[in-house]
Every structure is written in structure tokens, then in C-alpha cells.
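Scope of the values below: all heavy atoms of this structure, side chains included, with no hydrogens, waters or symmetry mates. Protein chains get the first letters and strands the later ones, always in sequence-line order, with residue 1 at the start of each.
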2 protein chains.
Amino acid sequence: MRIGELADRVGTTTRTLRYYESRGLLPARRDGNGYRTYGEDDVRLLQQIRTLQDFGFDLEETRPFVECLRSGHPAGDSCPASVAVYRRKVGELDALIGELTAVRAQVGAQLARAEEAMAGLAADADAAGAPAPRCELGEASDVSEARG
Amino acid sequence: MRIGELADRVGTTTRTLRYYESRGLLPARRDGNGYRTYGEDDVRLLQQIRTLQDFGFDLEETRPFVECLRSGHPAGDSCPASVAVYRRKVGELDALIGELTAVRAQVGAQLARAEEAMAGLAADADAAGAPAPRCELGEASDVSEARG
DNA sequence: GTAAGCGTTGACGTCGGGGTCAAGGCCAGC
DNA sequence: GCTGGCCTTGACCCCGACGTCAACGCTTAC
């Protein structure tokens with residue numbers, strides 16, 4: 001199989017496959033022309049890579065899985081190095097989710113506070129006749145009228 | 001105040017301030033030399049920017065807050081455009097946390113499965129005398145011994 | 001024979017937020 | 001007047017995972 005066919009079969013591009021090869025992740029045999037030649041094994045390697053990429057693994061992190069498959073294992077995660085990557089990834093995900101959750105809470109609190117303050121300002125403006133500083137409110141709602 | 005002093009006061013670098021200026025986010029007045037000149041207002045603008053950056057806002061997303069402050073509001077989030085950014089960000093964070101949580105569950109499940117399979121293979125090897133394909137196990141634990 | 005459609009390598013662009021020179025201007029103190 | 005420290009602009013460098021040419025070779029169908 002040549003590069004275009006392999007790319008089609010796993011739903012990626014030839015550029016991507018050449019990039020993987022340049023990283024030493026998916027070396028290809030060459031036929032007489034210098035054309036890259038791939039086998040069915042390579043389909044499985046690539047599927048492994050894409051699956052992990054979809055999980056957010058970066059390319060280097062897929063390497064143990066690929067090497068595990070290439071060394072004859074039925075699954076890419078049958079090797080300790082792969083399992084170690086899983087573990088590290090789970091830890092990173094937990095940490096990241098924790099941070100994002102904390103940030104979410106803070107931004108949510110700021111949002112609530114700002115909404116309340118704006119409601120208060122609007123009421124003040126109603127009562128006193130718009131003493132608050134004016135920003136370009138309304139997000140392009142009535143810019144022409146404001147300009148004219 | 002000149003650029004170095006401002007950078008020191010908010011804990012950033014002159015390069016960063018020039019970068020912000022190049023993005024139109026923090027324009028500076030110039031004195032006779034061509035040196036950038038800043039006032040106390042700019043300290044507050046910068047603090048607003050850094051706070052939002054710490055929350056993971058990208059530079060463009062801080063722009064409404066900065067313009068809000070510059071238009072005279074006491075807080076950067078007193079304007080509808082800023083509140084809209086808050087809302088969008090909360091939505092993005094919720095979506096991202098959801099995705100990451102799903103990925104975490106999947107990776108966690110794969111990890112558990114792989115660990116169980118490896119335990120099973122180890123038992124098989126114990127029983128039958130290592131018939132499984134060998135990867136370079138051990139993560140540098142006993143490489144010298146394996147090599148010697 | 002010639003055009004389409006594959007393949008090859010190499011090089012540069014992308015995105016964000018700056019880091020890190022390089023070459024030179026301005027100003028203060030001694 | 002000289003040194004040191006600040007300032008100026010401009011330009012290239014970094015990360016990851018490719019996209020997008022450019023310029024060329026091979027193969028196949030007509």
C-alpha cells in the first residue's frame with residue numbers, strides 16, 4: 001500500500017504520515033521508485049496513534065504504544081511503558097480538571113457579581129438620569145444612531 | 001512612569017508591554033525622546049489584563065475589559081461586552097471540563113483494563129514459561145543487567 | 001506523446017505570547 | 001568625555017502538529 005491509500009484508510013493526510021515518519025514514529029519501507037510502502041500492520045499502528053491523539057495525547061506519548069504493537073503485542077497498551085503513560089495522563093487530567101473547575105468557579109462568581117452590579121447601575125441610572133460612565137453598550141445594536 | 005518601571009510594578013517585562021502595545025491593547029504616550037510614558041491608570045489596565053490571563057483568557061478576550069476601564073468605569077467588567085466574555089468563557093470552561101472528564105473516564109478504563117490484562121499475562125507466563133512477546137520492560141530498572 | 005494524478009524532498013507559514021539578541025539613541029554621574 | 005543603565009526599533013527563535021506551496025519524478029490511461 002502506498003502513502004495516499006494508507007492516509008485515506010485511516011482518515012488522515014499524506015503530510016501527516018510523512019511527519020510521523022520524520023519523527024521516527026512510523027518508518028516506511030521503500031520500493032524501487034523510492035515510494036513509501038506500508039502494510040496492514042501500519043494501519044493498526046496508525047489507528048493506535050489516532051485514538052490516543054483523540055484523547056489529547058501528544059505524539060511523543062503515543063510512541064510507547066506504537067513500539068509495543070511493533071514488538072508483537074496484540075494491543076499497544078500491553079507494555080509497562082504504555083501503562084505508565086496512561087497513569088501519568090490520568091494524573092495530568094485530574095490536575096487539569098481540578099484547575100479548570102477552580103477557574104470556572106472564580107469566573108462564574110465574577111460573572112454573577114458583575115451582573116448584579118450592572119443591574120444596580122441600571123436602576124441608579126433610571127433614578128438619577130444616567131450619571132454612570134458610558135461605554136459603547138449594546139454590541140453594535142444602535143451605533144448608527146449614536147453616531148448620527 | 002517609563003516602561004521599565006511599569007513592568008517592574010506589575011511583575012512583567014518590557015517586551016510584554018511592547019507586545020501589548022503592538023496589539024493595540026495598551027497604547028503609550030511618548031515624551032520628547034520617544035520614550036513610552038505611562039500613568040497610574042495603565043497600572044490598573046495591566047493588572048486587569050494579567051488577572052484575566054491567569055484565568056486563561058487570551059489577549060483578545062481581555063480587550064473589552066481594558067476598553068471598559070479606559071472609558072471610565074470603575075471595574076473592567078462593568079460593561080456588557082465584558083460580561084459577554086465572562087459568559088462565553090464559563091460556557092467554554094464547562095464544555096472543556098465535560099470533555100476532559102469524559103476522556104479521563106475513558107483513559108481510566110483503558111488503564112484498568114490494561115493493568116488487569118498484564119496481571120493475567122504475568123500469571124500465564126508464570127504458568128507456561130514466558131510465551132508472550134517481550135517488550136523492553138522495566139523502564140530502565142535493570143537495563144544494565146539485561147545488557148550484560 | 002501528453003496530461004492527470006500519484007509520489008518525492010524541502011522550505012516556509014500558522015497560532016500565542018512573548019524571549020532574546022543587535023544596533024543604536026538618551027541621560028545621569030563622575 | 002566616558003561608562004553604565006535605561007530606552008528605541010527590528011528581527012529572528014520557541015513550542016506542536018501539521019498545511020501549503022514549489023519544483024520535480026513516476027505511472028497510467030488515452
Q: Considering every strand and a 4.0 Å limit on heavy-atom distances, what is the contact class for A/Arg30: base, sugar-phosphate, or nothing?
A: sugar-phosphate
Q: Take atom CG of A/Leu17 and atom P of C/dC6, then tell me their distance rounded to the nearest Å.
A: 15 Å
Q: Please determine whether a side-chain nitrogen or oxygen atom of B/Arg18 lies at a distance below 4.0 Å from atom OP1 or OP2 of D/dT8.
A: yes
Q: Tell me if the side-chain of B/Arg15 makes a donor-acceptor pair with the base of C/dT20, cut-off 3.5 Å, by modelled atom types.
A: yes
Q: What residue among A/Val10, A/Leu59, A/Leu69 forms side chain to side chain contact (heavy atoms under 4.5 Å, CB included) with A/Ile49?
A: A/Leu59
Q: Please confirm whether any donor atom in the side chain of A/Tyr19 sits under 3.5 Å from an acceptor in the base of D/dG16, or the reverse.
A: no
Q: In whole angstroms, how far is the P atom of C/dG18 from the CG atom of B/Leu46?
A: 11 Å
Q: To the nearest angstrom, how far is A/Tyr35 atom OH from C/dC6 atom P?
A: 11 Å
Q: Any side-chain N or O of B/Asn33 below 4.0 angstrom from OP1/OP2 of D/dT8?
A: no
Q: Report yes if at least one side-chain N or O of B/Gln53 is closer than 4.0 Å to OP1 or OP2 of C/dG16; otherwise report no.
A: no
Q: Whole angstroms only, please: what is the CD-P distance between A/Glu21 and C/dG10?
A: 12 Å
Q: Whole angstrom is fine here: how far is it from CZ in B/Arg29 over to C1' in D/dT8?
A: 18 Å
Q: Between B/Thr14 and D/dC7, is there a side-chain N or O to OP1/OP2 distance below 4.0 Å?
A: no
Q: Can you tell me how far C1' of D/dC26 sits from CG of A/Asp31, to the nearest Å?
A: 10 Å
Q: Check the distance between C/dG5's P and A/Glu5's CD and give it to me in whole angstrom.
A: 18 Å
Q: B/Arg23 CZ to C/dC15 P: how many Å, rounded?
A: 10 Å
Q: Pairing donors with acceptors under 3.5 angstrom, does anything connect the side chains of A/Arg18 and A/Thr14?
A: yes
Q: Under 4.0 Å: is that the gap between some side-chain N or O of A/Thr16 and OP1 or OP2 of D/dG19?
A: yes
Q: With a 4.0 Å cut-off on N to O distance, would you call A/Glu92 and A/Arg88 a salt bridge?
A: yes
Q: Does a side-chain N or O from B/Arg36 land closer than 4.0 Å to OP1 or OP2 of D/dC7, or not?
A: no
Q: When rounded to the nearest 0.5 angstrom, what is the spacing between OG in B/Ser82 and CE in A/Met118?
A: 9.0 Å
Q: Side-chain N or O of B/Tyr20 less than 4.0 angstrom from OP1 or OP2 on C/dG18?
A: yes
Q: Would you give the length of the straight line joining atom CD1 of B/Ile97 to atom CZ of B/Arg104, rounded to the nearest 0.5 angstrom?
A: 15.0 Å
